[in-house]
Asker: 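Sharing a structure below in structure tokens format, with a few things to ask.
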Amino acid sequence: MTQNCILIGAPMDAGKRRRGCVMGPDAYRTAGLAEAISDMGHSVTDIGNVAPADVEVLAARNPAIHALAENVGWTMALSEAAETQAPHGMPIFMGGDHALALGTVAGMAAHHAKTQRPFFVLWLDAHSDIHTPDTTDSGNLHGTPVGYVTGRPGFDAFPPLKAPVDPANICMIGLRSIDKPEHDVLQEMNVDVVDMRMIDESGIRAPLATFLERVQAADGVLHVSLDVDFLDPSVAPAVGTTVPGGATVREAHLVMEMLCDSGVVGSLDLVELNPFLDERGKTAQLMVDLTASLLGRRVFDRPTRSHG
């Protein structure tokens, strides 16, 4: 099935202190994301980069919080962009750090509440990002988007949610860096968690297939949030939050091909690419290749490249 894929740049660098994700959208463009998508027969519209709304907020209760007003501004702008563009095709948000998902997921959830289709989220990440501004020790708000979109308390400065996401409709795959407060909350909230031990023991296919069957049975629509650190840093070094033991290239392509087969994906985040940390663009290229797999490229279709 061909789609109109809408590329939305989110050069957001406010969710953490290490800089570089601001260059992400241009790196995806340079790596040929639009061309890879159109090669699969889809139409592509690049609407350019979103800019954060200019807002003023009260100081956070937690003194560690970094760039609160800027994060709120991005959340407002990206939520609006998601809700505006979703009726016209499949939004692909080119990040930017993972705090962008405060806006993208909230906006997609609001859109699908209007269409009355159940909304699901697949979180491909080393981290659960379920903190709140009150519970984060680092103060980096890229660790809070799941906390926000599920309606956890503490997000007073952020826009009220139009459609909170049911935690039971969230599946997290690839987790391997979770602190105790997050661990306890994940168990309380009934989030579907697939950590790397489970993947080591039983593979990545079975838990993903089970989740996708749930989405299909509900006639649901799925938002995929793909963090570079889902992947092992040996194959994807361009991220400031590297955690050893991530997904292999083969596992990641299998995930993307299964998502394509499912026919339920309605939107995609590509986050935490820091081109400043990349090696000759290999991480950006891998993320582009994974996007192509999500949109129909098969193993025998993949281009052969010289990496010399």
Side-chain angles (χ1 to χ4, degrees), residues 1-11 21-50 81-82 85-86 88-96 98 100-101 104 108 122 124 208 222-232 235-239 246-275 277-308:
M1 183 180 72
T2 59
Q3 301 189 66
N4 177 36
C5 296
I6 304 165
L7 302 184
I8 303 170
C21 289
V22 67
M23 300 184 284
D26 285 343
Y28 286 121
R29 293 181 176 106
T30 302
L33 181 61
E35 293 82 355
I37 295 170
S38 62
D39 284 349
M40 303 315 302
H42 306 288
S43 60
V44 183
T45 306
D46 187 339
I47 68 165
N49 291 347
V50 174
Q85 295 300 326
H88 307 297
M90 175 182 174
I92 298 177
F93 301 95
M94 305 180 294
H98 218 155
L100 69 84
T104 62
M108 293 306 302
L122 178 63
L124 300 172
L208 178 59
L222 181 63
H223 177 86
V224 178
S225 204
L226 173 61
D227 190 312
V228 169
D229 72 23
F230 168 70
L231 300 155
D232 191 80
V235 296
V239 63
T248 66
V249 172
R250 285 165 57 189
E251 287 170 331
H253 276 293
L254 174 59
V255 168
M256 294 298 138
E257 292 192 8
M258 290 176 65
L259 288 169
C260 179
D261 293 345
S262 74
V264 296
V265 178
S267 46
L268 172 67
D269 296 329
L270 302 172
V271 303
E272 294 287 351
L273 176 68
N274 185 339
L277 303 174
D278 211 355
E279 298 168 5
R280 294 170 140 189
K282 81 174 190 178
T283 309
Q285 190 62 64
L286 176 55
M287 292 287 277
V288 168
D289 288 345
L290 291 173
T291 304
S293 286
L294 174 62
L295 289 165
R297 185 189 286 170
R298 289 293 174 260
V299 64
F300 294 115
D301 302 328
R302 289 190 199 129
T304 300
R305 290 192 186 87
S306 168
H307 292 284

Asker: Search all heavy atoms of M90 against all heavy atoms of G266 and return the closest pair with its distance.
Answerer: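 That would be CG-O, 3.4 Å.
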
Asker: If you round to the nearest 0.5 Å, how far is CG of L124 from OG of S225?
Answerer: 8.0 Å

Asker: Looking only at heavy atoms, what is the nearest atom pair of F93 and A82, with distance?
Answerer: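 Of all heavy-atom pairs spanning F93 and A82, the closest is CZ-CB, 3.6 Å.
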
Asker: Within the structure provided, determine whether L295 and C5 are in side-chain contact (heavy-atom separation under 4.5 Å).
Answerer: yes

Asker: Go through the steps for V255 and E251 under the test side-chain contact (heavy atoms from CB on, under 4.5 Å), then give the verdict.
Answerer: CA-CA 6 Å; V255 168; E251 287 170 331; 5.6 Å; no

Asker: Looking at D269 and L100, would you say the former's side chain and the latter's main chain have a donor-acceptor pair under 3.5 Å?
Answerer: no

Asker: Which distance, rounded to the nearest 0.5 Å, do you find between the NE2 of H88 and the CD1 of I6?
Answerer: 7.0 Å

Asker: Where is the tightest heavy-atom contact between A86 and P91, given as atom of each residue plus distance?
Answerer: CA-CG, 3.9 Å

Asker: At their closest point, which heavy atom of C260 faces which heavy atom of R298, and how far apart are they?
Answerer: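 Taking C260 first and R298 second, the nearest heavy atoms are SG-NH2, 3.6 Å.
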
Asker: Got a second to check how far L294's CG is from M40's CE, nearest 0.5 Å?
Answerer: 10.5 Å

Asker: Which residues pass the ring-ring contact (aromatic ring centres under 6.0 Å, His included) test with H223, not counting sequence neighbours?
Answerer: none

Asker: Taking all atoms of both residues into account, what is the closest heavy-atom pair of L231 and V235, and its distance?
Answerer: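 What the structure gives for the nearest pair is CB-CG2, 4.3 Å.
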
Asker: Provide the closest heavy-atom pair for A36 versus R297 in the form atom of the first, atom of the second, distance.
Answerer: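 That would be CB-NH2, 4.1 Å.
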
Asker: Between T104 and I8, does a side-chain contact (heavy atoms from CB on, under 4.5 Å) hold up when you go through it step by step?
Answerer: CA-CA 10 Å; T104 62; I8 303 170; over 6 Å; no

Asker: Taking the side chain from H98 and the backbone from V271, do they hold a donor-acceptor pair closer than 3.5 Å?
Answerer: no

Asker: From L273 CG over to D229 CG, what is the distance, rounded to the nearest 0.5 angstrom?
Answerer: 12.0 Å

Asker: Is the shortest heavy-atom distance from the side chain of T283 to the side chain of V239 under 4.5 Å?
Answerer: no

Asker: Dump the intermediate steps for side-chain contact (heavy atoms from CB on, under 4.5 Å) on V288 and E35, then the final yes or no.
Answerer: CA-CA 10 Å; V288 168; E35 293 82 355; over 6 Å; no

Asker: For T45 and Q85: C-alpha separation, side-chain torsions, deciding distance, then whether side-chain contact (heavy atoms from CB on, under 4.5 Å) applies.
Answerer: CA-CA 11 Å; T45 306; Q85 295 300 326; over 6 Å; no

Asker: Flag the pair L33 / L270 as yes when at least one side-chain heavy-atom distance between them is below 4.5 Å, and no otherwise.
Answerer: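 Yes, at least one pair of side-chain atoms sits under 4.5 Å.
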
Asker: Find out whether M94 and R29 are in side-chain contact, i.e. whether some heavy atom of one side chain is under 4.5 Å from a heavy atom of the other.
Answerer: yes

Asker: Return the OH to CD1 distance between Y28 and I92, rounded to the nearest 0.5 Å.
Answerer: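 The OH atom of Y28 sits 11.0 Å away from the CD1 atom of I92.
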
Asker: Drop me the distance from T248's OG1 to D232's CG, to the nearest 0.5 angstrom.
Answerer: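 Result: 8.5 Å between the selected atoms.
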
Asker: Is the closest side-chain heavy-atom distance between V228 and N274 below 4.5 Å?
Answerer: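 No, their side chains stay 4.5 Å or more apart.
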
Asker: Side-chain contact test, heavy atoms from C-beta onward, threshold under 4.5 Å: evaluate it for P237 versus L277 and give yes or no.
Answerer: no

Asker: Is a side-chain N or O of D46 found less than 3.5 angstrom from the main chain of G48, in a donor-acceptor match?
Answerer: yes

Asker: Kindly indicate whether the side chain of I37, heavy atoms from C-beta on, has any atom under 4.5 Å from the side chain of L7.
Answerer: yes

Asker: May I ask you to test the D289-H253 pair for a side-chain heavy-atom distance under 4.5 Å?
Answerer: yes

